[in-house]
A.B. asks: 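Sending over a structure as structure tokens; questions will come in a sec.
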Amino acid sequence: MVNVIGLGYIGLPTALMMASHGVEVVGTDYDSELVATLNEGRTTFKEEGLDELFAEAIKAGITFTTEYQVCDTYIVSVPTPYDKQTKKIDSAYVVAAMKSVLEVAPDGAIVVIESTVSPNTIDRFVRPVISDAGRSDVNLVHAPERIIPGNMVYELLHNNRTIGADDPSVGEMVKEIYASFCQAEITVTDIRTAEMTKVVENTYRDINIAFANELAKICHVGGMDVYEVIRIANKHPRVNILSPGPGVGGHCISVDPWFLVGDFPETANFIRLARHTNDSMPEWVLERALEIMRAKGIDDASKVGIYGITYKEDVDDVRESPTLQMLESMEHHLVADPCRVYDPWVDNDIAPNQVHDMDEFLDGLEMVIVMVGHSQIKGRPELFGDRILLDTRNVLGNGDNVFKL
Ligand code: SAJ
């Protein structure tokens, strides 16, 4: 039996996927409300295909509880935030989960850490928990997740995976569990290599997005169309520039590179610069919006609305979202009337002046800053009438009233 600890964005789909492929799974989370919701037959976030997978897993017998189980394999998928001051990983959740696992885990149990951790975190913070508990019989494994919100179910089935283990034969046993559903290549390596690989993957993407964002700034200043430049440059067989945007959000790409900066402050210069470049984008959007407002004679921020709060299109996740960063920045600049905000994917109130209906949102607005390219609006500028649009995601085509980054 596998006990999945932490039923969030990664733990839940992973647990459901295993259960629906014949593995006996119990999901554990310390949040009793979350467990109650799952036990009432409802999922806890929106994700393509998740509800169907949930139904299959329930049929296959998955159960949810707040209790840690006595079993042979644990998969820990709890959050690993970073300390905003030191830029280092905050391993408190992983450490706490590990302590709880050790209270019930029998001799020889395998504990797989799926949470993203920076290189050496397992050596520095997790192993001491095991030795402090007087245990030497626990098999540690690191199997970092790689799935992308918005396409999680597909990617769980089709992405290659990495498994880092102290003992290769244990790595092979864990590989077999993941191979119950994963149809792609599963590489077994050591724990530190697995830790580093995961952080490197997200850092690679962050740096490439930063390059696109810097190009957007250069092209704006130089009076060029960045999207046309990228479109043509990408016709080169060895060039693949990503898309500029209003910033990098989510709990992964905007966080993981900081682990390297925090641990290697003298050497991780390029990585730090990329982070700062991406973090500067919400402020850049604000500057662009002010520029356009001045040019169009709009002097009242209450006539400007912000479309999109989530960190990217067609997900309900708002963690580290560029919109929230931009609203914070507006508050910092003492913008008196907060702009009206709307996101069809966000039901609860998380921003001041947030509305929950497109018509109510657009009523009386002269300009809209589009921060997220949800399918609802992609390719449909007409939904905004003749309002001035700042299209930070390049999803509304070109038009007289459509401005880009
Ligand atoms: N973004 C851009 N321009 C782009 C691509 C993305 O501005 O060309 C922005 C997005 O809008 C978003 C942010 O970057 O705000 C990150 O989005 P994303 O779709 O690139 O990635 P995440 O954070 O949803 O998921 C990433 C993935 N990692 C990589 O692609 C290397 C995923 O595979 C990981 O599992 C996930 O991080 C994670 O949990 O670590």
Side-chain angles (χ1 to χ4, degrees), residues 6 8-14 45 47-48 77-82 89 113-118 142-156 158-162 182 184 194-217 226-227 230-231 234 240-260 274-275 277-282 284-285 308-326 343 345 370-374 378 391-395 404-405:
Y9 283 100
I10 300 303
L12 181 63
T14 304
F45 61 97
E47 173 67 36
E48 177 81 30
S77 46
V78 295
T80 40
Y82 76 102
I89 193 165
I113 313 277
E114 267 227 23
S115 312
T116 301
V117 292
S118 56
H142 181 41
E145 59 84 15
R146 268 182 173 169
I147 51 178
I148 199 149
N151 199 24
M152 285 178 158
V153 175
Y154 177 88
E155 292 207 349
L156 269 171
H158 299 285
N159 280 6
N160 300 325
R161 297 194 70 112
T162 316
C182 174
E195 289 176 316
M196 183 63 171
T197 308
K198 166 69 201 202
V199 174
V200 162
E201 290 161 8
N202 280 351
T203 303
Y204 171 87
R205 194 151 168 89
D206 197 44
I207 287 173
N208 280 278
I209 298 169
F211 177 60
N213 284 336
E214 188 159 294
L215 285 182
K217 291 182 178 179
V226 67
Y227 299 103
I230 291 175
R231 192 180 69 82
N234 280 352
N240 184 18
I241 304 171
L242 296 179
S243 308
V248 168
H251 182 61
C252 314
I253 297 188
S254 66
V255 173
D256 298 355
W258 284 127
F259 297 158
L260 293 178
R275 269 292 64 244
T277 303
N278 288 335
D279 272 351
S280 75
M281 292 313 289
W284 174 260
V285 174
I309 310 176
T310 60
Y311 82 93
K312 67 175 188 180
E313 71 284 358
D314 300 336
V315 300
D316 65 359
D317 191 339
V318 299
R319 288 177 298 174
E320 318 291 330
S321 112
T323 300
L324 294 179
Q325 292 175 45
M326 194 169 83
D343 191 312
W345 282 76
V370 173
M371 294 291 281
V372 186
H374 290 308
K378 210 168 176 182
D391 174 13
T392 69
R393 297 284 187 171
N394 196 31
V395 289
K404 306 284 175 179
L405 273 179

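Just the heavy atoms: all of them, side chains too, but no hydrogens, waters or symmetry mates, feed the values below. First listed ligand is number 1; within each ligand, the first listed atom is number 1. Note that this is a predicted model, so its numbers are computed, not measured.
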A.B. asks: How close does the nearest protein non-hydrogen atom get to atom 6 (C) of ligand 1, and which residue and atom is it?
C.D. replies: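 For atom 6 (C) of ligand 1, the nearest protein heavy atom comes out as I209 CD1, 3.5 Å.
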
A.B. asks: Pick one of side chain, backbone, both or neither for how H251 approaches ligand 1, counting any non-hydrogen atom pair under 4.0 Å.
C.D. replies: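 The answer is neither; H251 stays 4.0 Å or more away.
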
A.B. asks: Tell me: protein heavy atom nearest atom 19 (O) of ligand 1, and distance?
C.D. replies: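 Answer for atom 19 (O) of ligand 1: K312 NZ, 2.9 Å.
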
A.B. asks: Looking only at non-hydrogen atoms, find the nearest pair between P322 and V248 and report the distance.
C.D. replies: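 The answer is CG-N, 4.2 Å.
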
A.B. asks: Under a plain distance cut-off of 3.5 Å, with no hydrogens placed, do H251 and D317 share a side-chain donor-acceptor pair?
C.D. replies: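 Short answer, no.
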
A.B. asks: To check your reading of the model: name the closest protein heavy atom to atom 22 (P) of ligand 1, its residue, and the distance in Å.
C.D. replies: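 The answer is Y311 OH, 3.7 Å.
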
A.B. asks: Just which atoms of ligand 1 are under 4.0 Å from any heavy atom in E201?
C.D. replies: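 Those qualifying, in numeric order: 31 (C).
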
A.B. asks: Just need the protein heavy atom nearest to atom 25 (O) of ligand 1, so name the residue and atom and give the distance.
C.D. replies: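 Among all protein heavy atoms, the one nearest atom 25 (O) of ligand 1 is I148 CG1, 3.7 Å.
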
A.B. asks: Any idea which of G245, A212, S243 brings a heavy atom closest to atom 2 (C) of ligand 1?
C.D. replies: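 That would be S243.
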
A.B. asks: For atom 10 (C) of ligand 1, what is the closest protein heavy atom, and at what distance to 0.1 Å?
C.D. replies: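 For this ligand atom, the closest protein heavy atom is R393 NH1, 3.9 Å.
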
A.B. asks: List ligand 1 atoms under 4.0 Å from V248, heavy atoms only on the residue side.
C.D. replies: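 Near V248, meaning under 4.0 Å from one of its heavy atoms, ligand 1 has 13 (C), 14 (O), 15 (O).
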
A.B. asks: What distance do R275 atom CZ and S280 atom OG have between them, rounded to the nearest 0.5 Å?
C.D. replies: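 Answer rounded to 0.5 Å: 10.0 Å.
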
A.B. asks: Considering heavy atoms of the protein only, find what lies nearest to atom 5 (C) of ligand 1 and give residue, atom and distance to 0.1 Å.
C.D. replies: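 Here the closest protein heavy atom is R205 NH2, 3.4 Å.
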
A.B. asks: Can a side-chain donor-acceptor contact be found between T277 and K217 if the only test is distance below 3.5 angstrom?
C.D. replies: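 T277 and K217 do not have a side-chain donor-acceptor pair below 3.5 Å.
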
A.B. asks: At their closest point, which heavy atom of A194 faces which heavy atom of P144, and how far apart are they?
C.D. replies: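 Looking at all heavy atoms of both residues, the shortest contact is O-CG, 3.9 Å.
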
A.B. asks: Counting from 1, what ligand 1 atoms have a heavy atom of K198 closer than 4.0 Å?
C.D. replies: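 Those of ligand 1 that fall under 4.0 Å from K198 are 34 (C), 35 (O), 38 (C), 39 (O), 40 (O).
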
A.B. asks: Among S115, S321, C252, which one puts a heavy atom closest to atom 37 (O) of ligand 1?
C.D. replies: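 When every heavy atom of S115, S321, C252 is considered, C252 comes closest to atom 37 (O) of ligand 1.
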
A.B. asks: Mind checking whether G247 has a heavy atom under 4.0 Å from ligand 1?
C.D. replies: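 Contact check G247 vs ligand 1: positive.
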
A.B. asks: Which is closest to atom 16 (C) of ligand 1 in terms of heavy atoms, G150, G249, G250, P244?
C.D. replies: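 Ranked by closest heavy atom to atom 16 (C) of ligand 1, first place is G249.
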
A.B. asks: At what distance, to the nearest 0.5 angstrom, does NE2 of H158 lie from CG of N151?
C.D. replies: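 Those atoms lie 9.0 Å apart.
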
A.B. asks: So does Y227 have more than 12 non-hydrogen atoms from other groups sitting under 6.0 Å from OH?
C.D. replies: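 Counting neighbours around OH of Y227, more than 12 heavy atoms of other residues, nucleotides or ligands fall under 6.0 Å, so yes.
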
A.B. asks: Checking a contact table here: which protein heavy atom is nearest atom 31 (C) of ligand 1, and how many Å away?
C.D. replies: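 Closest protein heavy atom to atom 31 (C) of ligand 1: N202 OD1, 3.2 Å.
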
A.B. asks: Could you give the distance from CG (D256) to CZ (R205), rounded to the nearest 0.5 Å?
C.D. replies: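 The CZ atom of R205 is 13.0 Å from CG of D256, to the nearest 0.5 Å.
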
A.B. asks: Could you label the plane-to-plane angle of the Y82 and F259 rings as parallel, tilted or perpendicular, counting under 30° as parallel and over 60° as perpendicular?
C.D. replies: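 Answer is perpendicular, since the angle exceeds 60°.
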
A.B. asks: Just heavy atoms, cut-off under 4.0 Å: does E320 contact ligand 1 by side chain, backbone, both, or neither?
C.D. replies: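 For E320, there is no contact with ligand 1 at all, from either part.
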
A.B. asks: Could you tell me whether E313 atom CD has more than 12 heavy atoms of other residues or ligands within 6.0 Å of it?
C.D. replies: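 More than 12 within 6.0 Å, yes.
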
A.B. asks: Answer yes or no: are there more than 12 heavy-atom neighbours, outside E201 itself, under 6.0 Å from its atom CD?
C.D. replies: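 Atom CD in E201 is crowded, with more than 12 foreign heavy atoms closer than 6.0 Å.
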
A.B. asks: How long is the straight-line distance from SG of C252 back to CD1 of I148, given to the nearest 0.5 Å?
C.D. replies: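 The distance works out to 8.5 Å.
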
A.B. asks: What is the closest protein heavy atom to atom 39 (O) of ligand 1, and at what distance does it sit?
C.D. replies: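 Residue, atom and distance for the closest contact: E145 OE2, 2.4 Å.
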
A.B. asks: Within a distance under 4.0 Å of any heavy atom of P149, pick out the atoms of ligand 1 and give their elements.
C.D. replies: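 That gives atoms 24 (O), 25 (O) of ligand 1.
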
A.B. asks: Where does N159 meet ligand 1, judged by heavy-atom distances below 4.0 Å: at the side chain, the backbone, both, or neither?
C.D. replies: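 Neither part.
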
A.B. asks: Provide the closest heavy-atom pair for M326 versus M371 in the form atom of the first, atom of the second, distance.
C.D. replies: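 Minimum heavy-atom contact is SD-CE, 3.9 Å.
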
A.B. asks: For T116 and ligand 1, does the shortest N/O to N/O distance drop below 3.5 Å?
C.D. replies: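 Checking ligand 1 against T116, no N or O pair falls under 3.5 Å apart.
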
A.B. asks: Indicate yes or no: does an N/O atom of I147 lie under 3.5 Å from an N/O atom of ligand 1?
C.D. replies: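 By distance alone, the answer is yes.
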
A.B. asks: Does some non-hydrogen atom of E313 fall short of 4.0 Å from ligand 1?
C.D. replies: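 No, that is not the case, since the closest heavy atom of the residue is not under 4.0 Å from the ligand.
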
